[in-house]
Asks: 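Before I ask anything, let me first share the structure, which is written out below as structure tokens.
Counting convention: from 1, in listed order, for ligands and their atoms alike. Small disclaimer: the values here were computed from a predicted structure and weren't measured.
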Amino acid sequence: MDVLIFQGSPRAGGNCSILASWVKMTTEEHNKTFRVIYPHDLNIKSCIGCYQCYNTGTCTFDDDMTEIIDIIRHASVLVICSPVYTNSVPGGLKLLIDRCQAYHAELTITGHGGQKKKGLILSVAGRKGSSHFTCVTGVVIAFLGDLGFIPSGEILIDGMDEIQDIRHIPGLFERVRAIVQGCLN
Ligand SMILES: Cc1cc2nc3c(=O)[nH]c(=O)nc-3n(C[C@H](O)[C@H](O)[C@H](O)COP(=O)(O)O)c2cc1C
């Protein structure tokens, strides 16, 4: 699979859903394959920090993360679409991110962690100003790096409390398309 999208907002039809649909559209235009994962719809237990993964390369739990890690393993580009929730990523996405520690452990144990895959960050915030994204980018850049994806671009869209719908922002679709194309070429 070429492009894996984590759509981190629980709001169906919200701004991150629109961003994810633009990524999908661009991917299809290039005849590449994609998959969208909605963490809030999944059964993902919270990481309990048992560190079994660092001894065996596998997680204590066998829930929806087993399949997600397999999907990540085969993705060439990983796109994280996330709203800012209390200066960070929403809880469902954070559960998924923390549970990917098992995949990081697997890469570390097997020595396969040096892959050069590409990752993108697309984020929206209600308030105005770039400072609201500091935690989101910090979390997501660390996450991408742990899994062998090089952070290869970001689009951070602030002021959504006022604008409401990202489709009202001139040129934004073209910016998203360009950043995705940059990863596909
Ligand atoms: C629980 C919650 C917490 C939020 N926290 C912040 C915040 O800390 N800073 C901010 O700028 N916007 C915050 N927002 C606003 C969202 O980032 C904004 O509405 C965004 O457009 C939602 O994305 P979506 O349309 O993809 O769901 C919060 C929204 C919710 C529901």
Side-chain angles (χ1 to χ4, degrees), residues 1-29 32-47 64-65 67-68 71-72 75 77-100 118-145 147 149 151-184:
M1 190 231 320
D2 300 303
V3 179
L4 174 60
I5 305 162
F6 289 146
Q7 201 290 78
S9 172
R11 210 159 70 94
N15 290 310
C16 287
S17 275
I18 296 165
L19 287 168
S21 74
W22 290 349
V23 176
K24 261 169 37 182
M25 209 183 289
T26 307
T27 306
E28 284 174 321
E29 281 169 8
K32 305 276 187 187
T33 55
F34 67 87
R35 173 104 183 236
V36 188
I37 304 266
Y38 305 90
H40 281 84
D41 293 345
L42 300 175
N43 172 30
I44 302 175
K45 288 191 204 304
S46 174
C47 174
D64 287 341
M65 279 308 294
E67 188 191 352
I68 290 174
I71 295 168
I72 296 171
V77 178
L78 179 54
V79 182
I80 311 296
C81 299
S82 178
V84 175
Y85 269 21
T86 322
N87 271 11
S88 187
V89 296
L93 178 57
K94 187 60 163 56
L95 281 179
L96 183 155
I97 287 173
D98 288 348
R99 286 286 305 286
C100 281
K118 291 181 178 175
L120 295 177
I121 307 169
L122 306 179
S123 186
V124 290
R127 297 181 193 149
K128 285 186 183 168
S130 56
S131 63
H132 304 294
F133 298 99
T134 308
C135 189
V136 169
T137 52
V139 167
V140 176
I141 287 170
F143 170 61
L144 292 171
L147 304 192
F149 292 86
S152 304
E154 59 188 37
I155 297 181
L156 310 175
I157 308 143
D158 64 323
M160 292 316 302
D161 284 346
E162 200 173 303
I163 304 168
Q164 292 286 320
D165 186 329
I166 53 165
R167 287 169 294 199
H168 296 146
I169 302 175
L172 184 59
F173 168 69
E174 287 74 15
R175 284 176 60 204
V176 172
R177 179 193 253 162
I179 205 175
V180 175
Q181 280 173 338
C183 286
L184 295 176

Asks: Any atoms of ligand 1 less than 4.0 Å from a non-hydrogen atom of C16? List them with their elements.
Replies: 26 (O)

Asks: Quick test: of every protein heavy atom, which one is nearest to atom 14 (N) of ligand 1, and how far off is it to 0.1 Å?
Replies: V84 O, 3.2 Å

Asks: Give the contacting part of M160 toward ligand 1: side chain, backbone, both or neither, where contact means a heavy-atom distance below 4.0 Å.
Replies: side chain

Asks: Under 4.0 Å from a heavy atom of N87: which atoms of ligand 1 are those, numbered in the order shown and with their elements?
Replies: 7 (C), 8 (O)

Asks: Starting from atom 27 (O) of ligand 1, locate the nearest protein heavy atom and write down its residue, its atom name and how far away it is, to 0.1 Å.
Replies: S9 OG, 2.6 Å

Asks: List every atom of ligand 1 that sits less than 4.0 Å from any heavy atom of T86, numbering the atoms from 1 in the order shown and giving each element.
Replies: 3 (C), 4 (C), 5 (N), 6 (C), 7 (C), 8 (O)

Asks: Is any side-chain heavy atom of I157 less than 4.5 Å from a side-chain heavy atom of I163?
Replies: no

Asks: Taking the side chain as every heavy atom from C-beta outward, state whether Q7 and S17 have any atom pair closer than 4.5 Å.
Replies: yes

Asks: Which protein non-hydrogen atom lies closest to atom 23 (O) of ligand 1, naming both residue and atom, and how far is it?
Replies: P83 CB, 3.3 Å

Asks: Can you tell whether the side chains of R35 and E67 come within less than 4.0 Å, N to carboxylate O?
Replies: yes

Asks: Could you tell me the residue and atom name of the protein heavy atom closest to atom 30 (C) of ligand 1, and the distance to it rounded to 0.1 Å?
Replies: Y85 CE1, 3.5 Å

Asks: For a 4.5 angstrom cut-off between non-hydrogen side-chain atoms, does D2 reach V77?
Replies: no

Asks: If you have a sec, work out which protein heavy atom is nearest atom 10 (C) of ligand 1 and how many Å separate them, to one decimal?
Replies: G126 N, 3.6 Å

Asks: Identify the protein heavy atom lying closest to atom 11 (O) of ligand 1, giving its residue, its atom name and the separation to 0.1 Å.
Replies: R127 N, 2.8 Å

Asks: Indicate yes or no: at least one non-hydrogen side-chain atom of L78 is less than 4.5 angstrom from one of F143.
Replies: yes

Asks: Is the shortest heavy-atom distance from the side chain of F6 to the side chain of V79 under 4.5 Å?
Replies: no

Asks: With heavy atoms of N15 as the reference, note each atom of ligand 1 found under 4.0 Å away.
Replies: 21 (O), 24 (P), 25 (O), 26 (O)

Asks: Geometry only, no angles: is R11 polar-contacting ligand 1 at N/O separations under 3.5 Å?
Replies: yes

Asks: If the cut-off is 4.0 Å to any non-hydrogen atom of A125, which atoms of ligand 1 fall inside it?
Replies: 11 (O), 17 (O)

Asks: Between R127 and D158, is any pair of side-chain heavy atoms under 4.5 Å apart?
Replies: no

Asks: To check your reading of the model: name the closest protein heavy atom to atom 19 (O) of ligand 1, its residue, and the distance in Å.
Replies: D161 OD1, 4.3 Å

Asks: Can you report which non-hydrogen protein atom sits closest to atom 20 (C) of ligand 1, along with the distance?
Replies: V124 CG2, 3.8 Å

Asks: Heavy atoms, side chains only, cut-off 4.5 Å: are N87 and H132 in contact?
Replies: yes

Asks: What are the two closest non-hydrogen atoms of G92 and H40, and how far apart are they?
Replies: N-NE2, 3.4 Å

Asks: For E162, I'd like to know if atom CD has over 12 heavy atoms of other residues, nucleotides or ligands within 6.0 Å.
Replies: no

